[in-house]
Each structure stands twice: as structure tokens, then as C-alpha cells.
Amino acid sequence: MSSLKPVRGTHDILPEESLRRRLVEKTADEVAARYGYGEISTPLFEFTDVFARTLGGSSDIVTKEMYTFEDRSGDSITLRPENTAGVARALISNGLAQQLPLKFFYRGPMFRYERPQKGRLRQFHQVGVELLGVAQPLADVEVIAMAAQFLQALGVGGKTTLELNTLGDGESRGAYRETLVEYLLGRKGELSKESLERLERNPLRILDSKDPGDRAVIKDAPDMADSLNDLSKRFFDELLEGLETAKVAYVLNPRLVRGLDYYCHSAFEFTTQELGAQGTVLAGGRYDGLIKQMGGPPTPGTGWAAGVERLAMLIAEPVERRRPIAVIPVAPGQAAPALALAQQLRQAGFTVDLGYSGNMGKRMKRANKVNACAAVMLGEDELSRDAARVRDMDSGEQREEPLASLEDHLARYN
RNA sequence: GUGGCUGUAGCUCAGUUGGUUAGAGCGCCUGGUUGUGGUCCAGGAGGCCGGGGGUUCAAAUCCCCUCAGCCACCCCA
């Protein structure tokens with residue numbers, strides 16, 4: 001075994017795996033395009049401030065999960081742990097706030113310094129969308145409906161459930177936070193030590209704790225719904241109505257919260273039972289305060305991000321590679337005609353495998369190994385008659401075919 | 001960052017109470033078949049037993065450290 005290993009939490013994506021991942025990205029791209037979203041690519045790294053100021057000092061992403069380093073000019077640089085902050089920064093940098101509303105799709109690697117496990121890597125990949133400049137709940141309806149359609153198109157719609165909650169606006173959230181903390185303080189003795197810490201730092205997080213003791217306390221906790229002001233209530237009602245009109249099925253989960261500070265109103269997750277502890281496959285919400293917080297004009301936003309690796313794991317069947325046609329020179333004398341024919345067929349759009357060496361038997365074996373659908377054999381005899389021998393690799397039947405009509409004959413395999 | 005489990009051939013795994021040349025299946029290569037793949041038969045290559053240190057006459061096996069993977073927690077896609 002070689003001592004050359006990839007860095008912890010990273011791995012090489014070999015061709016077979018690439019096919020599955022490409023399917024995920026392509027499907028997301030196509031569905032997003034139908035909603036009018038154009039692809040945006042922001043840099044893989046930003047000034048650390050971009051993330052530190054927006055993600056919220058209390059979030060774990062900032063405190064322990066960022067890949068941060070100093071570059072040669074002494075600037076603090078961070079590999080992006082998610083893409084919303086980068087898109088928001090791009091909006092400001094490019095003065096795009098003049099052209100709202102804007103709809104972006106993105107995909108690419110993200111980096112978080114975490115302990116790896118199944119469906120969790122230090123370099124992982126996301127596809128996501130951001131809808132900027134629309135304050136109405138219709139925007140949330142749109143991105144959620146798009147997410148549902150995306151998962152459906154991928155074939156994993158049946159394996160996922162949309163969970164939905166509202167965090168309310170700043171006022172409602174603050175009010176709820178107070179009621180919740182008050183309640184939790186009353187039962188302080190029953191909380192886990194992690195939750196005791198969260199009590200000050202991020203009390204809402206206690207709501208989705210997995211600790212059994214916490215759960216018992218949470219069960220009787222006050223509901224966010226009771227702390228919502230009229231505006232927040234109306235927003236949420238319109239969201240639910242919109243989802244029903246758009247025929248998107250959802251389940252309300254009052255314990256669904258967000259780790260990042262800039263979220264408000266809608267919070268949603270598509271979850272699955274098939275991935276162990278990493279059940280969330282796509283998650284998002286509204287982040288109206290973010291862009292102003294970064295120094296831009298007040299701009300509402302909503303969107304989601306999905307884990308490419310997690311979705312790729314959910315796809316049942318391996319994606320099949322296109323079957324090639326093998327072109328085989330019978331003897332070295334036919335090497336040149338074989339190369340010429342292979343190129344002609346490739347130019348015509350066929351997928352062609354041309355072996356590099358070996359006698360005919362070896363080349364046939366290779367044709368079999370690459371799962372060729374047909375073999376086109378060029379021998380002295382056939383060539384003297386301007387023909388080739390075509391073998392169907394599944395049935396084993398073969399026939400002589402004039403070169404002039406070869407492409408037409410092979411069309412059935414493409 | 002915390003806890004548990006696991007590292008033996010490219011892959012999946014055996015390997016007895018420490019004992020001499022470390023095995024199997026699959027895969028790979030060669031030949032049986034110099035103009036025909038899959039099946040079959042015969043042969044072959046491929047291992048610092050994750051790495052380092054220690055105990056011992058002797059370590060894949062026991063001890064310590066370290067690295068990595070998996071699972072869970074924290075957190076999150």
C-alpha cells in the first residue's frame with residue numbers, strides 16, 4: 001500500500017462515481033434553468049471576513065470548521081464552507097442590486113474542517129439556488145417547488161420528505177427566544193451539558209437535540225407559532241397556501257431550526273431515512289438580513305443548497321456509460337485503415353474504442369471488457385472487397401457489411 | 001473536538017494458545033485458440049500484514065504511540 005494518501009476527508013472521484021455526480025448536477029442545472037436561474041460561479045476562496053461576518057460568530061462553522069489560512073500578502077483567506085455568502089458578496093461587488101430580482105444556480109466544492117463520516121467530507125460538493133430581491137413568500141414557494149421537482153427528476157422524490165418551519169422575522173424570533181430560554185431555565189437540571197452551553201450561545205438549537213433527556217424537555221416547550229407577530233404569521237400562511245397551490249407535499253416540523261444566524265421566516269429541509277445520521281439532503285430558507293449585514297443595500301433573499309455526494313448515494317442504479325463500438329484490425333497490416341475508420345466513425349458521432357496493441361483475440365477481449373455493443377473487424381479479405389465484418393457482441397451474430405453502408409448499419413447501436 | 005469499532009494482495013476477506021516459505025475468492029497477466037470476446041482448463045504476477053517504537057529466542061498475532069477509514073456525538077448538505 002502506498003504511503004501517498006489524499007488529505008483526510010477528501011477523495012478522488014473516479015469515472016464511475018463521476019457519472020452519478022454529473023447526473024445530479026445536470027438535473028439540478030436543467031430544472032433550475034426551467035425556472036429561469038442562470039449559473040453563477042464565485043471563487044472557491046474569499047476574504048475570511050465574508051464568512052466570519054455573515055455566518056454569525058456563534059455558529060460552529062465559524063468557530064471550528066473553516067479552512068482559514070494566510071496568503072503570501074498576509075490576507076486572511078478562507079475556503080468557502082457554503083456559497084450563499086459568496087453569492088451575496090458577488091451581488092454587492094458587481095453592483096447587481098440594480099437589477100433585482102436575480103436568480104442564480106451554482107454548483108461546486110465547499111470545504112469544512114470536520115470529522116469525516118458517511119456523507120460528510122472535508123471537501124464536498126453542493127448544488128444550490130439563490131433568489132434575490134423578492135420579499136414575497138411566493139419566492140419561497142418557487143424555490144421549494146423547484147427543489148421538489150429537482151429531487152423528483154433525480155428519481156429520489158419518493159425517498160425524501162419536505163420538512164418545513166418558520167423562524168419568523170427578527171422581532172418574532174427575539175420574542176420566542178426569550179420565552180424559550182425562560183422555559184428551559186426552569187428545567188435546566190434535565191438538560192444535557194451540550195444544551196446547557198447552547199442555552200446562551202444558540203438556544204433555538206436545543207430544539208433539534210438528539211439527547212433523550214433534552215427531547216423530554218423539548219416535548220413540552222413553547223411553540224414558535226405562538227410567538228409570531230402578525231406579519232410573520234401572514235408570511236407563513238401565504239407560504240403554505242402557495243405550496244398547496246403548487247402541489248408540493250410538506251410536513252410541518254416546529255423543531256426545525258437553523259444553525260446560521262441570517263435565516264428568517266421559512267426554513268426547510270428535504271430529509272431521507274436511508275443515509276444514517278446524515279439525513280438532510282437539501283436544505284434552505286430565507287435570509288433577508290444577510291446582504292445588508294454585509295454592507296450592501298437591504299435585499300431579501302431565499303434559496304437552498306443540496307449535497308451532491310448525499311444525493312449521489314441515494315440514486316439506486318449506477319449510471320450506465322455509453323457502450324462503444326470496437327474497431328479491430330485483424331492483423332498489423334490493417335492498423336492504419338482501422339485508425340482511419342475509427343476517426344471517421346467518431347467524427348460521425350459514434351462512440352468508438354480502438355485498442356492500442358495486441359492480436360485479434362486480445363482485442364476482442366478488450367472489446368468485451370469495455371462492454372462494446374459491436375465489433376467492427378477489418379481483415380485483408382474484407383478490405384479487398386471494401387467491406388468490414390460486424391459482430392453483434394450480445395448475440396454473437398456477425399455479417400459482412402460494405403464500408404459504404406457501414407455507418408447506416410451501425411446506427412442501430414448508437 | 002469527544003467516544004466506539006476497524007486497518008492483511010487492486011477488491012472482499014481468512015489467518016488457531018505468538019512459531020519458521022502469510023492464504024482464499026474475485027480481478028489482473030500468459031497460454032490452451034497466430035482471423036473471434038463472454039464459459040471452461042492450466043500456469044503466473046502481485047504483500048515492509050497502515051506507519052513508528054517496544055516486549056520476546058521468535059510478532060500479522062501482545063503493549064504503546066501515530067495515521068487513516070467506518071459508526072455515533074457536536075454540527076451540518
Side-chain angles (χ1 to χ4, degrees), chain A residues 1-11 14 24 28 55 58-65 81-84 107 109-128 147 160 192-195 197-198 201-202 205-206 208-212 214 257-260 269-272 275-284 304-314 326 328-334 355 358-383 389-398:
Chain A
M1 180 157 297
S2 169
S3 63
L4 289 175
K5 292 176 180 173
V7 173
R8 183 171 209 191
T10 68
H11 69 254
L14 302 178
V24 173
L55 295 177
S58 61
S59 83
D60 272 27
I61 289 187
V62 171
T63 54
K64 59 178 205 194
E65 293 176 5
E82 51 91 43
N83 207 194
T84 301
R107 59 186 166 143
M110 309 293 162
F111 305 86
R112 289 181 198 170
Y113 192 88
E114 300 181 282
R115 193 88 162 244
Q117 62 188 85
K118 193 179 215 61
R120 157 176 295 177
L121 297 164
R122 288 187 173 180
Q123 177 180 334
F124 62 107
H125 298 75
Q126 291 186 328
V127 292
T160 54
S192 66
K193 79 172 192 301
E194 287 86 8
S195 287
E197 281 168 31
R198 283 185 285 217
R201 199 162 41 97
N202 199 349
R205 265 284 161 201
I206 297 177
D208 66 354
S209 170
K210 289 174 186 170
D211 182 89
D214 289 346
V257 291
R258 278 285 95 104
L260 307 182
E269 293 184 2
F270 285 78
T271 57
T272 179
L275 256 38
Q278 269 64 53
T280 301
V281 109
L282 183 154
W304 49 257
V308 173
E309 285 81 5
R310 290 183 186 180
L311 285 172
M313 283 190 285
L314 274 190
I328 297 177
V330 166
Q334 288 83 52
N359 59 24
M360 199 181 172
K362 257 187 177 173
R363 288 171 187 265
M364 284 300 288
K365 275 190 175 137
R366 177 182 164 82
N368 197 59
K369 200 166 70 179
V370 298
N371 194 26
C373 50
V376 177
M377 292 165 278
L378 296 176
E380 215 177 344
D381 291 357
E382 289 86 354
L383 281 177
R389 192 164 291 275
V390 179
R391 181 182 181 88
D392 184 300
M393 294 298 283
D394 292 330
S395 68
E397 283 169 31
Q398 63 183 44

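Excluded from the calculations below are hydrogen atoms, water molecules and symmetry mates; all remaining heavy atoms, backbone and side chain alike, are included. All chains are named by letter (A, B, ...) in the order of the sequence lines, taking the proteins before the strands, and each is independently numbered beginning at 1.
- Atom CZ of Arg391(A) is separated from atom P of G35(B) by 15 Å (rounded to the nearest Å).
- The nearest whole Å value for the distance from the CZ atom in Phe124(A) to the C1' atom in C75(B) is 12 Å.
- Once rounded to the nearest 0.5 Å, the distance linking CG of Asn371(A) with CE of Met393(A) reads 9.0 Å.
- We find that NE2 of His11(A) is positioned 14 Å from C1' of C70(B), with the value rounded to whole Å.
- With values rounded to the nearest 0.5 angstrom, Glu309(A) atom CD is found 11.0 Å from Leu275(A) atom CG.
- Using a 4.0 Å heavy-atom cutoff across all strands shown, Val281(A) reaches sugar-phosphate atoms only and no base atom.
- For Asn368(A) against G37(B), a side-chain-to-base donor-acceptor contact under 3.5 Å is present.
- The phosphate of C73(B) has neither OP1 nor OP2 within less than 4.0 Å of any side-chain N or O from Arg115(A).
- For G19(B) and G31(B), the C1' atoms lie 39 Å apart once the distance is rounded to whole Å.
- A58(B) is unpaired under the criterion used here, namely a Watson-Crick or G-U wobble arrangement in which both key atom distances are under 3.5 Å.
- The minimum heavy-atom distance linking Asp214(A) with Ser195(A) is given by the pair OD2-OG, 2.6 Å.
- Side-chain contact check for Thr10(A) and Gln123(A): no donor-acceptor pair (N or O, by modelled atom type) lies under 3.5 Å.
- For the residue pair Ala147(A) and Trp304(A), the shortest heavy atom distance occurs at CB-NE1, 3.5 Å.
- Judged by a 6.0 Å distance limit and a 45° cone about the ring axis, Arg122(A) is not positioned over the six-membered ring of Phe111(A).
- The interatomic distance linking Leu383(A) (CG) with G35(B) (C1') rounds to 13 Å, in whole Å.
- Gly284(A) comes within 4.0 angstrom of no nucleic acid atom, judged by non-hydrogen atoms across all strands.
- Per the geometry, CZ belonging to Arg366(A) stands 19 Å off C1' belonging to G35(B), to the nearest Å.
- Comparing G15(B) with G4(B), their P atoms sit 24 Å apart, to the nearest whole Å.
- Comparing C62(B) with A58(B), their C1' atoms are spaced 13 Å from each other, to the whole Å.
- Among the protein residues, Glu269(A) comes within range of no part of the nucleic acid, since none of its heavy atoms lies under 4.0 Å from any strand.
- With both pairing distances under 3.5 Å, G38(B) is matched to nothing as a Watson-Crick or G-U wobble pair.
- Nearest nucleotide to the Met360(A) side chain, out of G69(B), G35(B), C74(B): G35(B).
- Where Gln126(A) and Leu378(A) meet RNA chain B, the nucleotide closest to each residue was compared, and Leu378(A) sits on the side nearer the 5' end.
- Taking the P atoms as reference points, C63(B) lies 13 Å from G7(B), given to the whole Å.
- Rounded to whole Å, the P atom of U20(B) lies 32 Å from the corresponding atom of U66(B).
- One can place CD of Glu65(A) at 13 Å from C1' of C73(B), the figure rounded to the nearest angstrom.
- As rounded to the nearest Å, C49(B) and A22(B) have C1' atoms that lie 8 Å from one another.
- Here C48(B) sits opposite no nucleotide as a Watson-Crick or G-U wobble pair (both hydrogen-bonding atom distances under 3.5 Å).
- Closest approach of Arg120(A) and Arg115(A) over heavy atoms only: CD-O, 3.2 Å.
- The base of G35(B) lies outside donor-acceptor range of the side chain of Gln334(A), with no N or O pair under 3.5 Å.
- Between Arg363(A) and Gly355(A), the shortest heavy-atom contact is NH1-O, 3.4 Å.
- The line from OG1 of Thr272(A) to CZ of Arg310(A) is 11.0 Å long, rounded to the nearest 0.5 Å.
- Rounded to a whole Å, the CE atom of Met364(A) is 14 Å from the P atom of U39(B).
- With respect to Val308(A), the side-chain contact (heavy atoms from CB on, under 4.5 Å) criterion is satisfied by exactly one of Arg107(A), Met313(A), Met110(A), His125(A): His125(A).
- In this structure, G3(B) and C71(B) make a Watson-Crick or G-U wobble pair, each of the two defining distances being under 3.5 angstrom.
- With hydrogens and angles ignored, no donor-acceptor pair closer than 3.5 Å exists between the side chain of Arg8(A) and the base of G69(B).
- C26(B) is paired with G10(B) under the criterion used here, namely a Watson-Crick or G-U wobble arrangement in which both key atom distances are under 3.5 Å.
- For Arg389(A), the listed nucleotide lying nearest its side chain is U36(B); candidates were U36(B), G37(B), C70(B).
- Using a 4.0 Å heavy-atom cutoff across all strands shown, Ala367(A) reaches no nucleic acid atom at all.
- Between the CZ atom of Arg389(A) and the CD atom of Gln398(A) there is a distance of 5.5 Å, given to the nearest 0.5 Å.
- The same atom, P, is picked in G52(B) and in A60(B); the two are 13 Å apart, to the nearest Å.
- Protein atom CD1 of Ile328(A) is 12 Å distant from nucleotide atom P of G38(B), rounded to whole Å.
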Distances for protein N/O vs nucleotides 29-33 of chain B N/O pairs under 3.5 angstrom?
{"from": "U30(B)", "atom 1": "OP1", "to": "Lys362(A)", "atom 2": "NZ", "distance (Å)": "2.7"}

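- Within the 4.0 angstrom heavy-atom criterion, no nucleotide atom of any strand lies near Asn371(A).
- Nucleic acid contact class of Met377(A) (heavy atoms, under 4.0 Å, all strands): base.
- The partner of G18(B), taking Watson-Crick or G-U wobble pairs whose two distances both stay under 3.5 Å, does not exist in any strand shown.
- Closest-nucleotide positions on RNA chain B for Val7(A) and Leu275(A) were compared, and the one nearer the 5' end corresponds to Val7(A).
- Among the heavy atoms of the strands, none lies under 4.0 Å from Gly128(A).
- A close approach under 4.0 Å does occur between a side-chain nitrogen or oxygen of Gln117(A) and OP1 or OP2 of A72(B).
- Of the candidate nucleotides C74(B), C75(B), G37(B), G37(B) has the atom nearest to the side chain of Met393(A).
- Of the side-chain N and O atoms in Lys118(A), none sit less than 4.0 angstrom from OP1 or OP2 of C70(B).
- Taking atom C1' on both nucleotides, G46(B) is separated from C11(B) by 13 Å, rounded to a whole Å.
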